[in-house]
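Before any comments, here is the structure.
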Amino acid sequence: MLGLILPRGCAGCDKPDEILCSDCQSLFRRHTVLPLNGTPSGASDGTPGAATAPNALNGIPSAAIQQPACAMIYAAGTYQGHVRRAILSWKDHGDTECDKAFSQICRQLVAGSGIIETLQTKPQTLPQPMPQTEHQTGSQTQILVVPAPSSPKSMRTRGRRHLWPLAKAAAAELAAAGVEACAVNALRTRHIQGKAVETHSALGRAARLDGQLEVNDPGLIAGKKVLILDDIVTTGTTMRRCAEAIRGARGSVVGGLALAAVPPPAER
């Protein structure tokens, strides 16, 4: 009945009566992997991040992917066309019906990225997924899935923590594979101005976030492995700044996840 009163179309292509149609969902299975610069064995913050040559994972079994010496960012799709439109509809235009579709995309990304093989333990029985709250301590947890924080202004505008359902989904996929994991909102911002995606240069992004990200409770992070989650990776600056804050609280960043990576200029 609601569909008759308020008909909707696919968030990506506007196909009638779809939330995110199968064709648009398939665009989020074109995975790319990029270095999380500034992590151990990675490059410094001056090296371009996501917009440098991404390596396709398309269809390659995760076990066949050589594990890198540095932490990596795994992105589900490329931030252009229908992917871009779907993310913006969900993120900035209140299309919360996409939560379920993007949560499933995050689970597929975790399953296909190779990160499970990097983290996986071999318990006698699979652990049950842990109850998840926005400020859960996760004291017995092997992996914390930590979403990149939005500015207070963005959260007021959206009326929600838009990455939270995705973080819970990523943690659930890790738990289903035998990795003890939970999602926790461990990071916060101070006085960030504007949106990251609206800041075009790497230097501008770095300046925008310089000293503006911090850990809510360092005791929550200390000694833990952390997987950072964000929606869009452009230069990788947000991920690197999150990683710096986590390492400053004596946490260990094992990688990053994103719905999409902005392509290099030559491919836009």
Side-chain angles (χ1 to χ4, degrees), residues 28 36 39 71-76 87 90-91 96 98-116 118-121 123 126-152 154-155 158-189 213-233 238-239 241-247 249-260:
F28 288 91
L36 179 49
T39 56
M72 307 298 285
I73 300 171
Y74 302 94
I87 291 175
W90 163 74
K91 177 181 178 179
T96 56
C98 288
D99 281 357
K100 183 176 180 180
F102 283 138
S103 294
Q104 183 60 30
I105 285 166
C106 277
R107 294 193 68 143
Q108 292 169 350
L109 179 61
V110 169
S113 65
I115 201 163
I116 288 176
T118 301
L119 302 173
Q120 197 164 40
T121 58
L126 294 182
Q128 295 298 312
M130 298 181 64
Q132 316 229 9
T133 64
E134 291 199 23
H135 303 287
Q136 178 177 336
T137 62
S139 59
Q140 303 300 316
T141 305
Q142 180 188 358
I143 302 295
L144 299 180
V145 180
V146 175
S150 299
S151 69
S154 293
M155 284 196 293
R158 297 181 187 123
R160 72 194 200 280
R161 296 180 185 269
H162 69 293
L163 288 173
W164 181 241
L166 281 58
K168 291 193 293 182
E173 186 64 26
L174 289 168
V179 179
E180 293 180 357
C182 74
V184 61
N185 279 307
L187 293 170
R188 64 186 176 194
T189 63
L213 295 178
E214 60 186 8
V215 173
N216 293 322
D217 178 2
L220 172 70
I221 295 294
K224 299 293 176 61
K225 294 178 180 179
V226 176
L227 187 60
I228 302 168
L229 171 71
D230 205 355
D231 42 28
I232 306 159
V233 177
T238 300
M239 286 269 192
R241 290 294 188 255
C242 289
E244 289 169 4
I246 289 164
R247 290 197 304 273
R250 295 186 293 116
S252 175
V253 177
V254 296
L257 301 171
L259 285 177

Drop me the distance from [X]'s [atom1] to [Y]'s [atom2], to the nearest 0.5 angstrom.
X      : Y      : atom1 : atom2 : value
Lys91  : Leu163 : NZ    : CG    : 7.5 Å
Ile87  : Ile232 : CD1   : CD1   : 5.5 Å
Trp164 : Leu229 : CH2   : CG    : 10.5 Å
Leu36  : Ile73  : CG    : CD1   : 4.5 Å
Leu166 : Gln104 : CG    : CD    : 11.0 Å
Cys106 : Lys168 : SG    : NZ    : 13.0 Å

My understanding is that only residues two or more places apart in sequence, or in another chain, count here; which of them pass side chain to side chain contact (heavy atoms under 4.5 Å, CB included) with [X]?
X      : result
Cys242 : Ala148, Pro149, Leu187, Leu213, Ile228, Thr238
Ala101 : Leu20
Ala169 : Ser103, Arg107
Arg250 : Ala222

Shortest non-hydrogen contact from [X] toward [Y]:
X      : Y      : value
Ala167 : Val145 : O-CG1, 3.8 Å
Thr189 : Pro152 : OG1-CD, 3.2 Å
Val233 : Met239 : CG2-CE, 4.2 Å
Ser252 : Ile246 : N-CG2, 4.4 Å

For Phe102, check ring-ring contact (aromatic ring centres under 6.0 Å, His included) against everything at least two apart and list the hits.
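Phe102 satisfies ring-ring contact (aromatic ring centres under 6.0 Å, His included) with Phe28, Trp90 once adjacent residues are dropped.
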
Go through the steps to decide whether Gln108 and Glu173 satisfy the test side-chain contact (heavy atoms from CB on, under 4.5 Å), and finish with yes or no.
CA-CA 8 Å; Gln108 292 169 350; Glu173 186 64 26; over 6 Å; no

Can you check whether Ser150 reaches His162 side chain to side chain, under 4.5 Å on heavy atoms?
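A side-chain contact exists here, since the closest heavy-atom pair is under 4.5 Å.
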
Note, Val110 side chain near Leu174 side chain (heavy atom, < 4.5 Å):
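Answer yes - side chains close enough.
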
Contacts of Asp230 that satisfy side chain to side chain donor-acceptor pair (under 3.5 Å) - sequence neighbours left out
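Listed in chain order: nothing, the list is empty.
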
Audit row: Arg160, Thr96, side chain to side chain donor-acceptor pair (under 3.5 Å) steps and yes/no:
CA-CA 10 Å; Arg160 72 194 200 280; Thr96 56; 5.9 Å; no

Quick one: do Leu144 and Cys182 satisfy side-chain contact (heavy atoms from CB on, under 4.5 Å)? Show the steps, please.
CA-CA 5 Å; Leu144 299 180; Cys182 74; 3.7 Å; yes

